[in-house]
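Here the structure is laid out as structure tokens; the discussion comes afterwards.
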2 protein chains.
Amino acid sequence: MASMNDVAKRAGVSIATVSRVLNNSESVNEETRMKILKAIKELKYQPSRVAKRLRSKTGAGNLLGVLIPDIQNPFYVDVLRGIEDVAYQNNYVIIMCNFSQDEKKEAMYLEILESEAIDGLIAAPANEDDPRVKKIVRNGLPVVCVDRGLKGMDVDVVWVNNEESAYQAVSYMIEKGYKRIAHIGGLPTIPSSRLRLDGYRKALEDHGIQIDDSLIVQGDSSYVSGIQYTTQLLDLTTPPDAIFTGNNLITLGALEVINGRKLQIPGDIAVLGFDDMNWSNALNPPLTAVRQPAYEIGKRAGELLIQRINDPKRPAIQMTLNSELKVRQSC
Amino acid sequence: MASMNDVAKRAGVSIATVSRVLNNSESVNEETRMKILKAIKELKYQPSRVAKRLRSKTGAGNLLGVLIPDIQNPFYVDVLRGIEDVAYQNNYVIIMCNFSQDEKKEAMYLEILESEAIDGLIAAPANEDDPRVKKIVRNGLPVVCVDRGLKGMDVDVVWVNNEESAYQAVSYMIEKGYKRIAHIGGLPTIPSSRLRLDGYRKALEDHGIQIDDSLIVQGDSSYVSGIQYTTQLLDLTTPPDAIFTGNNLITLGALEVINGRKLQIPGDIAVLGFDDMNWSNALNPPLTAVRQPAYEIGKRAGELLIQRINDPKRPAIQMTLNSELKVRQSC
DNA sequence: TATCTTCGTGAAATCGTTTACATTTGTCTG
DNA sequence: CAGACAAATGTAAACGATTTCACGAAGATA
């Protein structure tokens with residue numbers, strides 16, 4: 001691969017001038033600029049992003065880190081797509097790190113990202129006290145959190161109002177006439193899991209429904225946990241007549257069990273899921289769900305991050321997007 | 001961040017010696033080694049992967065590029081997971097590039113990847129003549145293709161036998177007694193789309209079934225195309241009694257239409273999908289599908305790539321993994 | 001004792017950029 | 001016409017590692 005040096009030689013100028021043309025900084029004679037552009041074309045010169053990043057510490061590397069807990073979850077895939085679209089438009093490229101809810105893996109990835117001299121990071125930290133991500137923020141790297149905040153840190157966040165969304169969803173279920181509404185929550189260490197549970201509780205209380213602790217279970221946010229806890233709930237002596245599932249994967253696990261038992265949805269048991277999927281209509285019956293604007297969350301996060309890279313001093317923004325209850329036929 | 005220079009100063013040695021300790025190359029006195037390790041710990045020194053990559057051109061950067069056509073397709077997500085697991089184990093990190101079947105985007109990403117001095121690339125090229133990926137291979141960068149080969153190039157490939165898998169699936173449908181089996185294929189430019197279609201055709205021929213061209217349609221591999229062509233097929237004066245869908249997303253689109261029309265699966269119309277999903281049992285009825293070992297494809301590809309990075313001369317391998325017909329209840 | 005190895009280490013070049021500073025030339029002002 | 005200033009360009013020092021070469025000391029060999 002041709003380097004700047006080769007270009008400079010070919011054009012009969014110094015590398016400084018080549019650099020100036022490339023970054024169109026300062027003034028350079030129109031004639032030399034042409035000579036240089038010609039040389040660049042002839043040599044098919046492509047600047048090395050690595051060298052650039054090494055030299056100009058920050059903001060010029062056009063490299064973003066993305067740290068997500070679980071790439072199997074369609075929610076994060078959509079977030080990722082949003083980020084990726086913005087990144088592409090701004091000539092950034094993404095290092096994707098999927099830590100699978102494993103904190104050791106998260107720690108290692110963060111170390112690597114630092115040592116890759118990324119210009120910024122979009123992260124969904126393992127929890128809101130996450131010391132590793134906090135350290136990165138303190139070190140001055142531009143960071144935007146998605147889906148989960150960072151307690152006591154003045155950092156950009158993009159999320160939805162989890163508690164209120166859950167509240168509305170469960171209220172809807174109550175109004176529909178369901179009496180025994182169960183909740184399968186995600187990992188309790190994840191803030192959004194707790195908030196959704198809070199919303200669930202509040203809705204029941206506000207509607208004067210006694211909370212039955214046997215109807216509340218919390219797993220690890222996985223597909224398998226959906227299967228396991230739905231089984232447990234359905235095996236109760238007085239099983240629920242509706243389930244409010246805490247995320248995408250749990251919903252799918254629940255559906256597997258319910259279908260397996262040939263139960264009718266929503267006749268025998270209704271299902272309302274937190275997190276919608278693009279293909280929720282392909283489910284039978286189509287799933288009633290709380291739709292987080294996942295793609296938009298990613299997009300906004302990307303925009304905020306690039307803004308912050310260009311202006312590190314700007315005060316932190318907490319952006320709460322609206323989720324929407326998509327009423328279909330499962331509840 | 002502390003640099004090697006800082007460590008060297010603190011330990012009272014030269015950076016060369018620090019480097020030697022880090023790469024435990026050559027011999028270094030046990031005492032100095034200790035001093036250096038201590039300094040490293042005290043300064044929380046982390047080597048810069050950027051500098052390393054700049055200096056030692058190839059194989060040392062621990063950076064892999066992954067170029068995939070559509071991250072919304074669960075198949076590629078699983079492939080990505082496989083790659084990611086191997087990468088993590090080998091201390092590599094991944095730059096994820098999703099070109100959304102857009103060749104211009106693909107071209108730009110490839111340029112960037114080159115200029116990031118990646119050590120290797122895993123790609124599902126836009127088509128088997130893809131000049132951009134071919135060029136990269138010719139430039140000597142280690143490349144492994146997944147799902148799609150590269151015509152006339154001696155390059156590692158990991159895939160399944162698409163034609164045979166489709167043949168078996170359609171044969172199964174015929175044996176089940178379906179007479180009018182339709183096929184919704186993916187983008188004809190993608191080799192696997194063509195191979196699956198070939199398998200479909202061959203199965204019909206071998207079973208003495210007349211091919212009805214009105215039952216064969218080809219879209220762009222998307223969810224929307226699934227919706228569109230299923231509608232078209234169902235609106236035929238003599239509609240099919242079964243559909244063999246060409247990929248994941250098409251399958252889901254088809255299900256949406258079928259459910260929307262309140263048709264019974266498989267009573268009114270049977271569905272057999274190419275590509276399984278981890279949650280196929282959550283569909284109602286559970287989907288009968290050809291399961292490509294997506295995760296394993298990614299894993300193998302990752303392993304091959306790392307092998308090739310360490311031994312660029314090793315002859316190319318074409319690895320054909322077995323797909324499996326998962327008989328459930330939709331067909 | 002003179003020479004040869006081996007071990008442990010440091011000096012310096014290198015990778016491909018950016019950028020602060022210096023230099024040259026020409027034009028303008030008083 | 002001297003001095004100031006601007007435009008256009010070059011020189012060289014970074015950035016943070018790896019790696020080649022050289023060198024001194026110590027031990028081995030003849």
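Letters go in sequence order (proteins before strands), and every chain restarts at 1.
Considering only residues two or more places apart in sequence or on other chains, B/S27 meets the side-chain hydrogen bond (donor to acceptor under 3.5 Å, both in side chains) condition with none of them. Residues satisfying the side-chain hydrogen bond (donor to acceptor under 3.5 Å, both in side chains) criterion with B/D154, sequence neighbours excluded, are absent altogether. Scanning for side-chain hydrogen bond (donor to acceptor under 3.5 Å, both in side chains) contacts around A/N29 gives an empty result, with sequence neighbours left out. For A/M108, the side chain to side chain contact (heavy atoms under 4.5 Å, CB included) partners are A/I112, B/Y88, B/N91, not counting sequence neighbours. Qualifying salt bridge (Lys or Arg N to Asp or Glu O under 4.0 Å) partners for B/E42, counting only residues two or more places apart in sequence or in other chains: B/R10, B/K38. B/Y76 pairs by the ring pair (Phe, Tyr, Trp, His ring centres under 6.0 Å) definition with nothing, not counting sequence neighbours. Applying the side-chain hydrogen bond (donor to acceptor under 3.5 Å, both in side chains) rule to B/K9 yields no partners; only residues at least two apart in sequence or on another chain are considered.
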Polar-atom pairs under 3.5 Å, protein N or O versus N or O of nucleotides 14-17 of chain D: list them with distances, or write none.
| residue | atom | partner | partner atom | Å |
| --- | --- | --- | --- | --- |
| D/dA14 | N3 | A/R55 | NH1 | 2.7 |
| D/dA17 | OP1 | B/Y45 | OH | 2.8 |
| D/dA17 | OP1 | B/S48 | N | 2.6 |
| D/dA17 | OP2 | B/M4 | N | 2.3 |
| D/dA17 | O5' | B/Y45 | OH | 3.4 |

Pairs: protein N or O with nucleotides 21-25 of chain D N or O, under 3.5 Å:
none

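Per the geometry, CD belonging to B/E31 stands 18 Å off P belonging to C/dC7, to the nearest Å. With rounding to whole Å, A/N29 atom CG is found 5 Å from D/dT9 atom P. Distance A/K9 NZ to C/dG16 C1': 13 Å, rounded to the nearest Å. Atom-to-atom, CD1 of B/I36 to C1' of C/dG8 comes out at 11 Å; the value is rounded to the nearest Å.
Remark: side-chain polar atoms of A/R308 are paired, donor with acceptor, to backbone N or O of A/R314 under 3.5 angstrom.
Close to D/dA8, at under 4.0 Å from its OP1 or OP2, lies a side-chain N or O of A/S27. Using a 4.0 Å cut-off, some side-chain N or O of A/T17 falls inside it from OP1 or OP2 of D/dG10.
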